Protein chains: 4
Amino acid sequence: MITETFLLTDWSVFDIMPPMDKKQEIIKSALTLFCDKGFSETDIDSVAKSAGVGKGTVYLYFKDKKDLFISSTTYALNYFNNDLEKKVGEGKKAKERLKIYIDHSLSILTSNKAITRFFITEVLETMRRCGKKDMVVDHSIFLKRYDILKKILDEGMKNKEFKNVNRDSISVMILGGINMIMTKHLIFGNKVEKKELLEFRNSVLEIISKETK
Amino acid sequence: MITETFLLTDWSVFDIMPPMDKKQEIIKSALTLFCDKGFSETDIDSVAKSAGVGKGTVYLYFKDKKDLFISSTTYALNYFNNDLEKKVGEGKKAKERLKIYIDHSLSILTSNKAITRFFITEVLETMRRCGKKDMVVDHSIFLKRYDILKKILDEGMKNKEFKNVNRDSISVMILGGINMIMTKHLIFGNKVEKKELLEFRNSVLEIISKETK
Amino acid sequence: MITETFLLTDWSVFDIMPPMDKKQEIIKSALTLFCDKGFSETDIDSVAKSAGVGKGTVYLYFKDKKDLFISSTTYALNYFNNDLEKKVGEGKKAKERLKIYIDHSLSILTSNKAITRFFITEVLETMRRCGKKDMVVDHSIFLKRYDILKKILDEGMKNKEFKNVNRDSISVMILGGINMIMTKHLIFGNKVEKKELLEFRNSVLEIISKETK
Amino acid sequence: MITETFLLTDWSVFDIMPPMDKKQEIIKSALTLFCDKGFSETDIDSVAKSAGVGKGTVYLYFKDKKDLFISSTTYALNYFNNDLEKKVGEGKKAKERLKIYIDHSLSILTSNKAITRFFITEVLETMRRCGKKDMVVDHSIFLKRYDILKKILDEGMKNKEFKNVNRDSISVMILGGINMIMTKHLIFGNKVEKKELLEFRNSVLEIISKETK
DNA sequence: CATGAATGAGAATTCATTCAT
DNA sequence: TATGAATGAATTCTCATTCAT
């Protein structure tokens, strides 16, 4: 049941988000810029301008630059996690769910470099920069993607769809593999070959699937 | 032949490097600080002081801060790659080499958080920050770790030690898994459990080894 | 007739003022904050909040921050001057009036540092800041305390209660002495010793009293 | 021995100070501007420009604006105190010394409003602003003028030049009187009448002198 | 080669004031 | 009247980079 179709979701995400109020508008602009230029090289003035508000308005909603960063990051990760969970939920069996999980995660690659980079590095920066002093970050956001994956694996093993594998190691390899593919593309900037993504996903499925030989 | 021993290399690396000349000294200091505080939050003055030279001297050897960053990063990555290659070369058979490869890579975790973070994020930052304008980075450094791994896999498959797997997908999963474990520890800052590392390595070996029993 | 009693008036003043309308409420809050933190470090938002009104409301009653400052200052000084005059009026003879004058003035010390500081410096600041451009301050407020004192001295000299002294110089010394005692306590923040205040007042009375014994 | 001459020292002080190095230059400019506009309304950029140095240079010598303020103030007060002490030392007898003390102190009035105001208010501001957190101010500077005065009084009483008075109260009155005269002139900005200064000084001498009737 | 004093462009942050409701 | 969201001018402070010695 290894298919050749690869679901590509459109992730030009920050524009999808509904522009409800000024705060949302600022978060959207902040995300775009933080993605594009990183924390240090993004200045509040640009965020404000891009959001179409005054510089002072940013400080009306966020204590300081760090706060803006954490808030944006948290917002985006929640957004993605929820999306992922919803999509995965549409799969009927574990194997299909895992397929969706991988495809959906990798589809970030088709949006733009900035978002890819954001997912890989900026999130870590969040932790470092903010885990330090006065900021508290909700670590659970970062575990969410793990949890979704582990649940699929557990289910698949119970259903005898999957081999009996070390759930933790395998999930680390799957999630890590996804990240690594993104990293590679980020670094080398070459076109994303559907073939590579397919091979990866199929390899994963092959590895854990009970050989229905 | 799945062993329970896990080779832990000491990676208090930057001090190992032989302090040959002033340039080396500056690179060493730069690495330590970039690891610790990231690019933006590291200032040239600290680097100079820590290296025991004048601020102006830094500019004698490096065009600007970016140049210092690239040079240090490149230096460190080469250093690690060479080390990894040498260590791996000591393994007799593919399976043993793969074991060494994984153990050695993960042993970075036992040195310190800063170095781990450096390996995961800073390298990507290098690309972004420097791929932009005037700087050219030698991408091959980042491929080196791949190449070493792929060579092992190819060899193992030729020797019939390993199953016939998709080499690219598997290497992405292994390297990605290693990174992911490091990332997890970086984010949650919990103690590194030898057990987890062992399980990961053994899972990998199990997956690609021919005799599943 | 040099007594050992020292009249201590309670100067937790700004709360005594009757909270008639919103404008009064704002003045009261402004005074408290200007006293406590000075002009520059007091922000309109705090004043509004502390007065229980909206920020815009402040601008309904006062042209700008300067105006608020002048108005509050003027209000407070008038308030104190009137109080002083009333109290002094209760004395029967010049010597007693002088005693009341000094005691009452010094009793500000027993209220709190902020008010003391206000009386010594902020008033001068008012002049400087406002004598500049668009604001006109009624200087007569500052002369009032002088006038009250001089009247007592004149009366005392006419009555032969006091020696024939240079009225201007003596009043400068008395008023200046009072200020200086306050200043000292402000700077060194030590407890106000009743003894010191008594000695000062008695010295003054001794100097100008006819019967030195 | 009440003379009609009044010694007027030239206090265009900040220009007298020898322009030794950049730090001195900055202190001089800072003093002039702080005097003129107060702490809050003086901005570092102006100080730098007026001192003929770059903005960054100010921060090379002073931790921050507060530090610059304290340093300048301390410098100026020491400067004045030393000058006063030297001048007073030239007087042969207590009465003459006291005369010099008063004349010299009041001669600040002949310089300019800014310096006068500085002596009266800014010093207090120093205390408030800086006695707060991280700054330590040497209170002894503020006691110096008292000490010089008290020493004169003690000496005079021992010599039987002066009556036996309450030294503390009298010194408070003298110093306070001097300040009050300055304050008055500061507020009303009228011309300084030599007559007034003379009367004040002579009144003081009269009060404490043994009637050599 | 080495140095570190000097610089000023640039960034974060504050807050008086306005104005639509 | 009363409000408080929105604003941007103004200010403090940092730090990469230069250059005279």
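Fair warning: this is a prediction, and the values are worked out from it, not measured in the lab. Chain letters run A, B, ... following the sequence lines, proteins first and then strands; every chain starts at 1. Heavy-atom basis, side chains included; hydrogens, waters and symmetry copies ignored.
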K.L.:
If a stem is a run of at least 3 consecutive Watson-Crick or G-U pairs, both distances under 3.5 Å, which stems include DNA chain E?
P.N.:
E:2-21 with F:2-21
K.L.:
With sequence neighbours excluded, tell me which residues meet side-chain hydrogen bond (donor to acceptor under 3.5 Å, both in side chains) with D:Thr57.
P.N.:
none
K.L.:
Can you give me the closest heavy-atom contact between A:Val58 and A:Leu68, atom names plus distance?
P.N.:
CG1-CD2, 4.1 Å
K.L.:
Can you check the A:Asp45 CG to E:dT14 P distance for me, whole Å?
P.N.:
15 Å
K.L.:
Toward the 5' end of DNA chain F, which comes first, B:Gly56 or B:Thr42, by nearest nucleotide?
P.N.:
B:Thr42
K.L.:
Strictly below 4.0 Å, heavy-atom distances to any atom of DNA chain E: list the hits from residues 48-55 of chain C, or just say none.
P.N.:
C:Lys55
K.L.:
Using the test side-chain hydrogen bond (donor to acceptor under 3.5 Å, both in side chains), find all partners of A:Thr42 that sit at least two apart in sequence or belong to another chain.
P.N.:
none
K.L.:
So where does chain A start and stop touching DNA chain F, 5' to 3', when the test is distance under 4.0 Å to a non-hydrogen atom?
P.N.:
F:dA5 to F:dA10
K.L.:
On a heavy-atom basis, which atom in D:Asp67 and which in D:Tyr61 lie closest, and how many Å separate them?
P.N.:
OD2-O, 4.4 Å
K.L.:
To the nearest Å, how far apart are A:Glu41 CD and E:dA9 C1'?
P.N.:
15 Å
K.L.:
Rounded to the nearest angstrom, tell me the gap between atom CG in A:Asp67 and atom P in E:dA12.
P.N.:
14 Å
K.L.:
In whole angstrom, what separates A:Asp64's CG from E:dT14's P?
P.N.:
8 Å
K.L.:
Does B:Tyr61 reach a base, just sugar-phosphate, or nothing at all? Heavy atoms under 4.0 Å.
P.N.:
sugar-phosphate
K.L.:
Roughly how many Å is it from NZ in A:Lys63 to P in E:dA12, rounded to a whole number?
P.N.:
14 Å
K.L.:
Show me the side-chain donor-acceptor pairs of residues 45-53 of chain C shorter than 3.5 Å, one per line, residues at least two apart or across chains.
P.N.:
residue, atom, partner, partner atom, Å
C:Asp45, OD2, C:Lys49, NZ, 3.2
C:Ser46, OG, C:Asp43, OD1, 2.6
C:Ser46, OG, C:Asp43, OD2, 3.3
C:Ser50, OG, C:Ser29, OG, 2.9

K.L.:
Please give, in whole Å, the distance from E:dT3 P to B:Leu60 CG?
P.N.:
9 Å
K.L.:
Does the Lys NZ or Arg CZ of D:Lys23 fall within the cation-pi geometry relative to D:Phe62 - under 6.0 Å from the ring centre and within 45° of the axis?
P.N.:
yes
K.L.:
Using a cut-off of 4.0 Å on non-hydrogen atoms, how would the nucleic acid contact of D:Ile44 be classed: base, sugar-phosphate, or nothing?
P.N.:
sugar-phosphate
K.L.:
Can you check whether B:Tyr59 has a side-chain N or O nearer than 4.0 Å to OP1 or OP2 of E:dT3?
P.N.:
no
K.L.:
Would you mind reporting whether D:Thr73 and D:Phe34 have side-chain heavy atoms less than 4.5 Å apart?
P.N.:
no
K.L.:
Decide side chain to side chain contact (heavy atoms under 4.5 Å, CB included) for B:Lys28 and B:Leu31; before the verdict, give the C-alpha distance in whole Å, the side-chain angles of both, and the deciding distance to 0.1 Å.
P.N.:
CA-CA 5 Å; B:Lys28 246 177 59 186; B:Leu31 274 174; 5.9 Å; no
K.L.:
Before accepting this row, confirm whether a basic side-chain N of the pair A:Lys22/A:Glu25 lies closer than 4.0 Å to the acidic partner's carboxylate O.
P.N.:
no
K.L.:
Is B:Ser46 touching bases, backbone alone, or none of the nucleic acid, heavy atoms closer than 4.0 Å?
P.N.:
nothing
K.L.:
Taking side chain as C-beta onward, heavy atoms only, is B:Phe39 less than 4.5 Å from A:Ser40?
P.N.:
no
K.L.:
Taking the nucleotide of DNA chain E with the nearest heavy atom to each, does A:Asp43 or B:Thr57 sit closer to the 5' end?
P.N.:
B:Thr57
K.L.:
What pairs with A:Tyr59 under side chain to side chain contact (heavy atoms under 4.5 Å, CB included), at least two apart in sequence or on another chain?
P.N.:
A:Ile44
